[in-house]
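All remarks here apply to the structure that follows.
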Amino acid sequence: MRQNVKKYPDSESGISACLSEATATTQQETLGLIVVDILRAGKILNRKSICASLLRRIETAADPEEKRHYHTLIGLLSEA
């Protein structure tokens, strides 16, 4: 039997495509993607870099629910 498996040319477009197909991304998944992006860029991983990435995502997000999701994550990081 053949399964319908979508293949993407590179991981970056694959991640973007998967996120657009997902109905809701969990907080852990979002933070995991951000951590991977920061580490692949060769940047230092710390709370400041994660918050900066979340802020950039808020600026480019079109969906109010997506913006709320990122705001929630920033709130969680500020509590820690």
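With sequence neighbours left out, the side chain to side chain contact (heavy atoms under 4.5 Å, CB included) criterion links Ile34 to Thr30, Ile38, Ile50, Ser53, Leu54, Arg57.
Scanning both residues, Lys67 and Ala61, for their nearest heavy atoms gives CE-O, 2.8 Å. Counting all heavy atoms, side chain and backbone alike, Leu77 lies closest to Arg47 at O-CD, 3.3 Å.
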### Task
Could you go through the side chain to side chain contact (heavy atoms under 4.5 Å, CB included) check for Arg68 and Glu65 one step at a time?
CA-CA 5 Å; Arg68 192 171 325 133; Glu65 186 61 36; 2.7 Å; yes

### Task
Report the C-alpha separation of Ile58 and Ile74 in whole Å, then their side-chain angles, then the decisive distance to 0.1 Å, and conclude whether the side chain to side chain contact (heavy atoms under 4.5 Å, CB included) test is met.
CA-CA 10 Å; Ile58 288 172; Ile74 289 174; 3.7 Å; yes

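No salt bridge links Glu59 with Arg56; every basic N to acidic carboxylate O contact stays at or beyond 4.0 Å.
The CG atom of Leu31 lies 8.5 Å from the OG1 atom of Thr26; values are rounded to the nearest 0.5 Å.
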